[in-house]
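Heads up: the structure comes next, in structure tokens.
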2 protein chains.
Amino acid sequence: MQSLARGFELLETLADAGGEAGLSELAERTGLAPATIHRLVRTLVGLGYLRQLPSRRYTLGPRLVRLGDTAERLFGRWATPVLGDLVGEIGETANLAVLDGDHAVYVAQVPSPHSVRMFTEIGRRVPLHCTGVGKALLTTLPDADVTALLGRTGLPAVTDTTITDPVALRAEIALGRERGYVIDEGEQEPGVRCVAAPVPGPHGPAAVSVSGPQGRVDEAALARIAPLVVAAGLRLGAILADT
Amino acid sequence: MQSLARGFELLETLADAGGEAGLSELAERTGLAPATIHRLVRTLVGLGYLRQLPSRRYTLGPRLVRLGDTAERLFGRWATPVLGDLVGEIGETANLAVLDGDHAVYVAQVPSPHSVRMFTEIGRRVPLHCTGVGKALLTTLPDADVTALLGRTGLPAVTDTTITDPVALRAEIALGRERGYVIDEGEQEPGVRCVAAPVPGPHGPAAVSVSGPQGRVDEAALARIAPLVVAAGLRLGAILADT
DNA sequence: ATCGTTTTTTCCGTAGTACGGAACTTTGGG
DNA sequence: CCCAAAGTTCCGTACTACGGAAAAAACGAT
């Protein structure tokens, strides 16, 4: 469905450009013909998802706010209190992610009070094999699904600690299932250690994580943190089950 | 551009349905053929703007969160502090709206601390002739534009105080231009009084308003409130000019 | 387990929508 | 005032999207 995809491509491009761009800038970034873009933006402006400024440049429109809010409420709203408790107990950034196709997507986060902290963009898609939340999500999937999924994505190296061996990853997943949590040792971002646990329940795979610099999240801290993250996962699962 | 419009129609329908619905429910609500909807949702799921739950039902997807956040940041982020000050000074709900086509759209709000308070949905479109922000927006437009716009929309009565006479509305606009603010006397919602002022500047029409029940917002309060709302409009305009 | 019903998904020929090159208009800068 | 760049409109072609119909899958009842 081409035109739908292109319409959203424009919105994303606009978001990447900082929320404002002219038609020709959009044409250059997307590689689409100006006439095509014009037709798309005209429709989007008419619907209120885009706004045309007096300068004839375009901005994301007000109706996106409503959709985004509804979507966020759906995921984040009920999750942030739990994440906030985690941050209070641990002092590091807490995230909630869900499985979306072959990737993990962050849908809620509460940042750490430290000035040096993790910053994960809400809505960001990350691979499963090299992130805490990703590996936690994998522990919730049947082996057959894991195999199929990894077959599609492969295990590209992101840092030099990224697990690129399918056998090693499978062992990691098995360990995660056993302990109830997984650890990411800078596999996506050097120097960042992350503890993640699945959010159990009948609602589609989700996972919660806490991440911070390896300097603060040391071996001693890990022992204290892990049970708290697992407990948070259970709490989130329980909340979801009620809804 | 049909398919784009239909795609967004599905997203909105889903939002209306509380964020979750099955395919057949969407078919019934939108009146579209199941095959058509299936094709649309398949595309949207593939793009990440929709998520399919294990129950095969659909939910708003995580990527909408990012778009919505970016859009909200664009409007609301810089505005909420000012609106918050207004609420602190006045104790009633404060809103920011922009002109979008022939309607006003609320893009930011800070609710009043009272339990009985205005509730305006972010992203909601309202007519210009019967709302505080709408009339404030009209005061910023050249007479020719006002005429053209009112010619398109007409002046439908929403409550029994709605101004339906073009001459009376024009006088109201003239008065607003003179005083720097307008008053909405339950013209959109019975029992609600609202004070609104334009946000001046070269960024496209915008307006700020404060609204509450007529019981609290009485004549005496009006005298105190009006200058504050006008000042807030100026502050917002100044912030926008810097960006 | 077996069968009927409802919901979801796939198929496919047709209709019409979207495409994009090119021409035209408007805007902003010199 | 003129020129260059950006934005908008036009229009014939091609392909995309449409939706009825049939198949498949899930659900529930017996």
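Note on naming: letters A, B, ... go to the chains in the order of the sequence lines (proteins, then strands), and numbering restarts at 1 for each one.
- Partners of V110(A) under the side-chain contact (heavy atoms from CB on, under 4.5 Å) rule, at least two apart in sequence or in another chain, are T80(A), L83(A), V87(A).
- Contacts of Q188(A) classified as side-chain hydrogen bond (donor to acceptor under 3.5 Å, both in side chains), with partners at least two apart in sequence or in another chain: none.
- The side chain to side chain contact (heavy atoms under 4.5 Å, CB included) with V126(B) is formed by just one residue from the set T131(B), V158(B), V105(B); it is T131(B).
- In this structure, the side chains of L86(B) and V208(B) come closer than 4.5 Å at one or more pairs of heavy atoms.
- DNA chain D lies under 4.0 Å from at least one heavy atom of each of the following residues of residues 8-35 of chain B: A33(B), A35(B).
- For T140(A), there are no side-chain hydrogen bond (donor to acceptor under 3.5 Å, both in side chains) partners two or more places apart in sequence or in a different chain.
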For residues 4-17 of chain A, dump all side-chain donor-acceptor pairs below 3.5 Å to protein atoms at least two apart in sequence or in another chain.
| from | atom 1 | to | atom 2 | distance (Å) |
| --- | --- | --- | --- | --- |
| E12(A) | OE1 | R66(B) | NH1 | 2.5 |
| E12(A) | OE2 | Y49(B) | OH | 2.5 |
| E12(A) | OE2 | R63(B) | NH2 | 3.4 |
| T13(A) | OG1 | E9(A) | O | 2.6 |
| D16(A) | OD1 | R66(B) | NH1 | 3.4 |
| D16(A) | OD1 | R66(B) | NH2 | 2.6 |

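- Remark: side-chain polar atoms of H129(B) are paired, donor with acceptor, to backbone N or O of P156(B) under 3.5 angstrom.
- Partners of S3(A) by side-chain hydrogen bond (donor to acceptor under 3.5 Å, both in side chains), not counting sequence neighbours, listed by chain and number: S3(B).
- The local environment of CZ in R179(A) is crowded, with over 12 non-hydrogen atoms from other residues, nucleotides or ligands closer than 6.0 Å.
- When all heavy atoms are compared, the tightest approach of D184(B) to C130(B) is OD2-O, 3.8 Å.
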Could you run down the sub-3.5 Å N/O contacts of the protein with nucleotides 16-18 of chain C?
| from | atom 1 | to | atom 2 | distance (Å) |
| --- | --- | --- | --- | --- |
| dA18(C) | OP1 | Q2(B) | N | 2.4 |
| dA18(C) | OP1 | S3(B) | N | 3.3 |

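- Residues in residues 134-144 of chain A take part in these salt bridge (charged side-chain N to carboxylate O under 4.0 Å, His left out) pairs, two or more places apart or across chains: K135(A)-E172(A), K135(A)-E187(A), D143(A)-R177(A).
- Counting 5' to 3', DNA chain D first comes under 4.0 angstrom of a heavy atom of chain A and last does so at the ends given by dA6(D) to dC18(D).
- Atom P of nucleotide dT26(C) and atom CZ of R56(A) are separated by 9 Å, given to the nearest angstrom.
- E25(B) meets the side-chain hydrogen bond (donor to acceptor under 3.5 Å, both in side chains) test with no other residue; sequence neighbours excluded.
- By the side-chain contact (heavy atoms from CB on, under 4.5 Å) test, A136(A) is found to be paired with V182(A), A196(A), P198(A), A207(A), residues two or more places apart in sequence or in another chain being considered.
- Fit an axis to the five pairs at each end of the helix from dA1(C)-dT30(D) to dG30(C)-dC1(D) and the two axes sit 60° apart, to the nearest 10 degrees.
- Rounded to whole angstrom, the span from the OH atom of Y58(B) across to the P atom of dT8(C) amounts to 7 Å.
- The distance between atom CZ of R57(B) and atom P of dT8(C), rounded to the nearest whole Å, is 8 Å.
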